[in-house]
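Before any comments, here is the structure.
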Amino acid sequence: MKNVIVIGGGITGAGIARDLTLRGMSVTLIEKHSPAASATGRCHGLLHSGARYAVKDAGSARECAEENLVLKDIASECIEDTGGLFLAITEDDAAYGDVLIPSCKISGIPVEEISPSDSPNSAAIRCIRTNDARIDPFLLTLANMYDAYKNGAEIIIGKSVINIDESSVILDDGSRITGEIVVNATGHECERLLRSSGRKTLPVQPNKGTLLVTERRVSDIILNRMRPPTNGDIIVPCHTTSLIGTTSSNSISTVPTRDEFKELIREASMLLPSVKYARVIRAFSGIRPLLGSGDGRSLSRDYQILEDGGSITVAGGKLTTYRLVAEKVSDLAMRLLGASGKCSTKTPLPDVFKKDPPTKIICNCESAVDRLIPMDFLNGVDISKYNRVGFGACQGMRCLHNSPAGISFLQERWKGVKPVISEGQFQQAYLSWASYMSRLGRI
Ligand SMILES: Cc1cc2nc3c(=O)[nH]c(=O)nc-3n(C[C@H](O)[C@H](O)[C@H](O)COP(=O)(O)OP(=O)(O)OC[C@H]3O[C@@H](n4cnc5c(N)ncnc54)[C@H](O)[C@@H]3O)c2cc1C
């Protein structure tokens, strides 16, 4: 019997598994799809400075400020330290700057006012620099899981927990795994799992956010609009592309819509006019596990931890603060187990890349090679997304034959391509589709 069973292989579950194994606990982690398959792999990957939350949510802002520095120390392989700018486009935005700067200072967030002429938008009237950065959520999750695995964790991928029953869980194949404590880190699905298990629940409000991917980078630095968080006010460089985000609606749909696409382009073009001319290659949507009820924009990005007779549930928070959340959950688990052992996750994460990767290119537009070191728990998992196969300009048209995902990759891509194309682009999209199918031997 293990000490702890962790359900969910997003960043929260992976971070908890790492923390507990480093404290000497025996852990089993269960993920129903693949590492970072849900909110974690569908976010901007913005390593927040905290400035976005400084005015309304000082507690979250301070945590982001602290964790931003910790992650830059321990996860440098996953981070591109781009820096960030907050740009005022209207007089109202500029007035918000008068509240933003002192709020950042109170929360210990380093900000500096610079000339708007040093920003990439000639229409900007005020500009504040922050230490935002880009963090790769897939690699960060894998690095945490891999460290847990190296320290003895058992990692089960591809099985779903259907019931939490005292200190054990029942899987969809009917088997039961027993542990002393169960940790439910299933993101927006945590409430459903608790309900179906007849347990006390947390007030989780699933909230959809849609992002757009541009064919090339439109900015090398992270851009934020200088105003309270609203739709279409962030642009994040992501490898060879940029991500434009995001929207907020109370929904569990992961299908992006044409209206979301139009709104994001309209708003982001104010932040950076060249967005109007950028080619958007895809949209995708993720579900935030927000806490409370009501309009998603008004809800805090804080997290909650619930303990209920040998099981712990955690929901909310951000990618940026995952390590801290994992520390708090692990502290509670250790107390319940009556065990001692301090958190040691402020130590560098292991490399997930091979020292001498093969030179054979498996995705031309990202110049991707198979860089991942072998991890046994990934056997049978399609690892192409961790190598960014199909994530660049051609969206897999030239490299799909290297991906075991085949048709399911095509269907997932098409869901995101449909809302962002119009008129002549349809012809091109159908040509791509025909090309995919012939390469796969289907036509
Ligand atoms: C659109 C969007 C943009 C965002 N942008 C940012 C950002 O830029 N910066 C930032 O810091 N944060 C951002 N966030 C927030 C961040 O993504 C989340 O807070 C974080 O990823 C939550 O991680 P998690 O592990 O708790 O949940 P998830 O990533 O949702 O992981 C839960 C996992 O549990 C698994 N699971 C569910 N049910 C079961 C079951 N029954 N059995 C087994 N496994 C199960 C799922 O498959 C999933 O992999 C964003 C979120 C969204 C939606």
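Each ligand, and each atom within it, is numbered from 1 in the order the structure gives.
Side-chain N/O atoms of Ser168 and Arg176 include a donor and acceptor closer than 3.5 Å. Between Asn207 and Ser248, the side chains place a donor N or O and an acceptor N or O closer than 3.5 Å (distance only, hydrogens not considered). Between the side chains of Glu263 and Asn231, at least one donor N or O sits under 3.5 Å from an acceptor N or O.
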(message) I'd like to know whether Phe284 forms a side chain to side chain contact (heavy atoms under 4.5 Å, CB included) with Val213, so could you lay out the CA-CA distance, the side-chain angles of the two residues, the decisive distance to 0.1 Å, and finally the verdict.
(response) CA-CA 8 Å; Phe284 63 91; Val213 187; 3.7 Å; yes

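Annotation: side chain of Leu349 is not in contact with side chain of Glu77 (no heavy-atom distance under 4.5 Å). At a threshold of 4.5 Å between non-hydrogen side-chain atoms, the residues Val161 and Leu171 count as touching.
The protein residues lying under 4.0 angstrom from ligand 1, judged by non-hydrogen atoms, are Ile7, Gly8, Gly9, Gly10, Ile11, Thr12, Ile30, Glu31, Lys32, His33, Ser38, Ala39, Thr40, Arg42, Cys43, His44, Gly45, Leu46, His48, Lys159, Ser160, Val161, Ala185, Thr186, Gly187, Glu189, Gly209, Leu211, Thr246, Gly286, Ile287, Arg288, Gly317, Lys318, Leu319, Thr320.
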